[in-house]
Chemist: 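A single structure is presented below for examination.
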Amino acid sequence: MKKLLALIAAALMMAPTVCHADEGMWIPMLLGRNQAAMQKAGMHITAQDIYDINKASLKDAVLLFGGGCTGEFVSDEGLVLTNHHCGYSYIVKHSTVEHDYLTNGFWAMSREQEIPCPGLTVTRLVYMQDVTKEVLDGVNADMSESERETVIENNIKAVGDKAVEGTHYRYVIKPFYYGNQYFMYVNEVFTDVRLVGAPPSNIGKFGGDTDNWMWPRHTGDFSMFRVYVDGDNKPAAYSKDNVPYRPLKHLEISLKGVDEGDFTFVFGYPGTTRRYVTHDYVDMAANQENPVRIALRTIRLDHYNAAMRQSAGQRLKYASRVASIANGWKKWQGESLGIDRLHGVEQKIAQEEQFRKWAVDKPQYRDVLDQMEDNYAKLREVEMEWVYFSEAVLASDFMQRAYRLYRMMNLTGEQLEAAAAKMLDDSHKYFEDFEQHSPIDKSIFTECFIYMWSHGYAPYLNKKCSTAGDVEKLLNRYYDNNIINNPKKLEKLLTLPADKLHKKLIDELPAKDLDLIGVAYSYTYSSAKRQQYNDADDNIQRLMRTYIKGMMEQYPDSNFFPDANLTLRVAYGHVEGFKPKDATYYTAYSTIDGIMEKENPDVYDYRVEPRLKELWQKKDYGHYANKKGELPVAFIATNHTTGGNSGSPVLNADGQLVGINFDRCWEGTMSDLLFDPAYCRNISLDIRYCLFIIDKYAGARHLVDEMTLVEQ
Ligand code: ARG
Ligand code: ASP
């Protein structure tokens, strides 16, 4: 109790803004404001070296990779580094039984061998600009939210279209601080991106889901791509005549490495944070949503993991879906524990009290928190239904397919025919594996539904059932007799002419095969609920805009960082170990010795490539070892990062590449909501391990030769 009071007292004294030197994801264009602090923290370069629109700067080497990761140029021939888990789907796409690049790795030994990846883009920021005035032109306080949105949308289009007129650039304009400010990003989007290299899975994904979100870590999480352009060095669709892109800037790579205490910064595309939300949101996430999501995903993971232990084939089959289910499952556990440990809800309440006191004589701010609470009360009444719909109703492939068919109700004519043909096509895969997969899928379906029903979120089942046994029987019957699970009947249905199919979807199926999905859908999405949710959510967004504006006035000397929104940001901090629990201290870097310690041929995640072991036995590390003769693999630092920052360059005080960001430590995963410098650490691959794998392990020296290495 004493500790709690002390914590709350401390929170009361803190501004609800940047309380910690290392917290924050800063806007490159405004980095001048952070320059003094960054230099004090150890940086040798200037804000302009990082972002400059008049000459090439580090930002020209940093890329949005695909739609949700970061990558960076490391050669003057368009070579890009990112994470293995960011390139994963492209590596998988090109893998076959004969050429299993995922398992064995892939290295293009010549440019001809580089593999095109249709659909993959990388995006370079050309320049950014504050367009708040233009975007808010014509907006006034008396407007409704939707009127406001219409004006803003029109302004955005006008400003953006004008900015890129006559160029090959594209623009994005995004709100900051809940719409108090707007920035425009003018981008160059490259569309011919080719796979150049990826280590085998037991290097690139070493530790798998067992080690995911954890430190100490030994994952060689990188892959390589190359950007190709037309003869004018401009983006172009794939063509065999395209040539490697010559970037304005590529990163120098330092072989010196980092030591505990060294300054580092991460330059990339963090996706989403919610730093300024009120206690209701924190409570809702930590105590209401996360526990349910975790419980429901545990059901799924238990079944898939059991199957994966049965055979190599099953392991391959479920690996990718387990990776994505387990990623959130594990993160939410860390997040809830972190919020609890920090007394996050109480901290927020204490900060809100301070705001209330400050606002008492300010009519524009006085009621904002009361209104926020009222709206959260309304939102929270209906919020869980969405969680249950995505995590329980749609947990099984069966229900996902039922949902797909159900939604076809809204289609007619050619569109319906195309959707039906696509579903029929995908059905072949579903039925091919039905015998093995359906017992698992059926258990997931029934268990998730029973969980949901027993928590009061499927009241529609009460009409027919009074015990869990009744529910189970009903679900089993539904699964066994459903057209979704009957290849012949389904084929007959999906090949009907559009008008007949439409009629069946409207008149017949909702009462039979699509009964449960239809009822579950309307229960969750009844228009009254949807209305209640949307109204509350709109109000909360509007109130947040006022609240954050108020906080900025309340603490005029604080530098507020805007929440992450998948725009380019800089986070800075120091290489630093931490104490995750009593009597335990984690040092700041791991080495190849740890890989050998973890090695276990019986555990898939801990298998070690014989060739890697051989190099380790001979200590054949080339010039990639540290001063102590060890080969570093990964390191942790206090940089504030989040999802999307994967693949981001981690740079030293001189702006040279020392690592590739790929994860955070589990104990600090609440950092999207609350940052604690004692626990929040980003995890980076040491660039020396990456080079060692390319050069020494894979023998792809020509790729290292393209890069600019700095020995000292
Ligand atoms: N936790 C990291 C991130 O959120 C890596 C995820 C991929 N790796 C995995 N084992 N599932 O993206
Ligand atoms: N692993 C995350 C990513 O893929 C990074 C993080 O959440 O820290 O972006």
Side-chain angles (χ1 to χ4, degrees), residues 83-85 199 201-222 257-262 264 266 323 326-327 330-331 333-335 337-338 573-609 612-613 615-616 619 621 624-639 641 645-646 648 650 658-671 676-690 692-693 697:
N83 287 147
H84 185 265
H85 78 261
S201 280
N202 55 13
I203 291 176
K205 214 187 156 180
F206 183 78
D209 285 312
T210 317
D211 283 8
N212 190 23
W213 297 112
M214 306 282 261
W215 185 254
R217 190 67 157 276
H218 300 88
T219 313
D221 198 343
F222 78 94
V258 281
D259 280 323
E260 181 105 24
D262 280 357
T264 57
V266 175
N327 200 40
K330 199 159 176 183
K331 185 194 152 178
Q333 295 178 51
E335 185 177 80
L337 281 171
H574 294 92
V575 176
E576 204 178 303
F578 75 109
K579 189 177 170 222
K581 55 183 178 225
D582 187 40
T584 309
Y585 185 79
Y586 284 157
T587 53
Y589 71 92
S590 62
T591 70
I592 193 172
D593 299 346
I595 297 180
M596 305 307 155
E597 276 173 18
K598 281 180 181 170
E599 183 187 14
N600 183 344
D602 299 329
V603 177
Y604 184 80
D605 287 345
Y606 293 137
R607 285 196 206 155
V608 173
E609 283 288 302
L612 189 66
K613 198 159 184 187
L615 290 163
W616 169 74
K619 300 267 169 293
Y621 303 150
Y624 306 116
N626 67 14
K627 281 182 268 181
K628 294 184 191 159
E630 304 157 327
L631 181 66
V633 172
F635 64 88
I636 52 175
T638 59
N639 304 296
T641 54
N645 266 126
S646 275
S648 298
V650 185
V658 287
I660 307 173
N661 185 75
F662 69 96
D663 212 0
R664 276 173 284 166
C665 293
W666 193 67
E667 294 80 358
T669 42
M670 68 294 177
S671 65
D676 181 352
Y679 290 94
C680 293
R681 296 289 178 274
N682 68 310
I683 306 180
S684 308
L685 172 67
D686 194 302
I687 199 68
R688 292 169 295 184
Y689 184 61
C690 169
F692 162 84
I693 294 294
Y697 170 84

Chemist: Evaluate side chain to side chain contact (heavy atoms under 4.5 Å, CB included) for Phe206 paired with Val633, printing each intermediate quantity in order.
Modeler: CA-CA 11 Å; Phe206 183 78; Val633 172; over 6 Å; no
Chemist: Quiz question: by atom type and distance under 3.5 Å, do the side chains of Trp666 and Asn212 form a donor-acceptor pair?
Modeler: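 Their side chains do not contain a donor-acceptor pair, so the 3.5 Å distance test is not met.
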Chemist: With side chain to side chain contact (heavy atoms under 4.5 Å, CB included) as the test, would you mind laying out the steps for Ser648 and Thr641 before giving the verdict?
Modeler: CA-CA 10 Å; Ser648 298; Thr641 54; over 6 Å; no
Chemist: So, Trp213 side chain and Asn327 main chain: donor-acceptor pair closer than 3.5 Å or not?
Modeler: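 Yes, because the side chain of Trp213 sits within donor-acceptor range (under 3.5 Å) of the backbone of Asn327.
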Chemist: Please tell me if the side chains of Glu260 and Glu576 come closer than 4.5 Å, counting only heavy atoms from C-beta onward.
Modeler: yes
Chemist: Under a 3.5 Å distance rule, please check whether Arg688 uses its side chain to pair with a backbone N or O of Leu631 as donor and acceptor.
Modeler: no
Chemist: Are the side chain of Arg681 and the backbone N or O of Ala637 linked by a donor-acceptor pair below 3.5 Å?
Modeler: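 Looks like no, no N/O pair under 3.5 Å.
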Chemist: Looking at His85, is its backbone amide N or carbonyl O close enough to the side chain of Asn83 to form a donor-acceptor pair, meaning the two atoms are under 3.5 Å apart?
Modeler: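 No, the answer is negative, given that no donor and acceptor are paired below the 3.5 Å cut-off.
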Chemist: Are the side chain of Arg217 and the backbone of Met214 linked by a donor-acceptor contact shorter than 3.5 Å?
Modeler: yes
Chemist: In Å and rounded to the nearest 0.5 Å, what is the NZ to CG distance from Lys627 to Asp259?
Modeler: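 Nearest 0.5 Å value for the NZ-CG distance: 5.0 Å.
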Chemist: Over all heavy atoms of both residues, which pair between Pro632 and Asp686 is shortest? Give the atoms and the distance, please.
Modeler: CB-OD2, 3.5 Å
Chemist: Given 3.5 Å as the limit, does a donor-acceptor pair link the side chain of Lys205 with the main chain of Asp605, or not?
Modeler: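 No, Lys205 side chain to Asp605 backbone: no donor-acceptor pair under 3.5 Å.
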Chemist: Under 6.0 Å between ring centres, would you say that holds for Tyr585 and Phe578?
Modeler: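 Between Phe578 and Tyr585, which both carry aromatic rings, the centre distance is not below 6.0 Å.
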Chemist: If you take all heavy atoms of Ile636 and Cys665, which pair is closest and at what distance?
Modeler: CG2-SG, 3.9 Å
Chemist: Supply the atom-to-atom distance Ser684 OG to Asp221 CG, rounded to the nearest 0.5 angstrom.
Modeler: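 Ser684 atom OG to Asp221 atom CG measures 11.0 Å (nearest 0.5 Å).
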Chemist: Taking all non-hydrogen atoms of both residues, which atom of Pro199 and which atom of Gly220 are closest, and how far apart?
Modeler: CG-O, 3.8 Å
Chemist: Does Thr219 use its side chain to pair, donor to acceptor, with the backbone of Gly204 at less than 3.5 Å?
Modeler: no
Chemist: For the backbone of Thr587 and the side chain of Trp215, can you confirm whether one donor and one acceptor N or O come within less than 3.5 Å of each other?
Modeler: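 Yes.
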Chemist: First locate atom CZ of Phe222, then atom CD1 of Ile693, and finally report the distance between them rounded to the nearest 0.5 Å.
Modeler: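 Between atom CZ of Phe222 and atom CD1 of Ile693 there are 6.0 Å.
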Chemist: Verify whether one side chain among His218 and Asp211 offers a donor that lies under 3.5 Å from an acceptor in the other.
Modeler: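 Distance-only check fails for His218 and Asp211.
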Chemist: Under 4.5 Å between any side-chain heavy atoms of Val608 and Trp616, yes or no?
Modeler: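 No, side chains not in contact.
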Chemist: To check you understand the geometry: which heavy-atom pair defines the closest contact between Ala588 and Gly577, and what is its length?
Modeler: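 That closest heavy-atom pairing would be CB-N, 3.8 Å.
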Chemist: I want to check something: taking the side chain as every heavy atom from C-beta on, are Leu615 and Tyr621 in contact at a cut-off of under 4.5 Å?
Modeler: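 Heavy-atom side-chain distance check fails, nothing below 4.5 Å.
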Chemist: Carefully, step by step, assess Ile595 and Tyr689 under the rule side chain to side chain contact (heavy atoms under 4.5 Å, CB included).
Modeler: CA-CA 12 Å; Ile595 297 180; Tyr689 184 61; 3.4 Å; yes
Chemist: State the OG1-CD distance between Thr591 and Glu597, to the nearest 0.5 angstrom.
Modeler: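 The CD atom of Glu597 is 7.5 Å from OG1 of Thr591, to the nearest 0.5 Å.
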Chemist: Please indicate whether Lys619 has more than 12 foreign heavy atoms, meaning atoms of other residues, nucleotides or ligands, lying under 6.0 Å from its NZ.
Modeler: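 It does: Lys619 NZ has more than 12 such atoms within range.
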Chemist: Quick one: pull up OH in Tyr624 and CD1 in Ile592 and give me the separation to the nearest 0.5 Å.
Modeler: 13.5 Å
Chemist: With respect to Thr264, which candidate in Asn661, Asn682, Asn639, Thr638 satisfies the side-chain hydrogen bond (donor to acceptor under 3.5 Å, both in side chains) definition?
Modeler: Asn639
Chemist: Thr584 and Lys579: which non-hydrogen atoms are nearest, and at how many Å?
Modeler: O-CG, 3.1 Å
Chemist: Any chance you could measure Tyr679, atom OH, to Glu667, atom CD, to the nearest 0.5 Å?
Modeler: 8.0 Å
Chemist: Leu612 and Phe692: which non-hydrogen atoms are nearest, and at how many Å?
Modeler: CD1-CE2, 3.8 Å
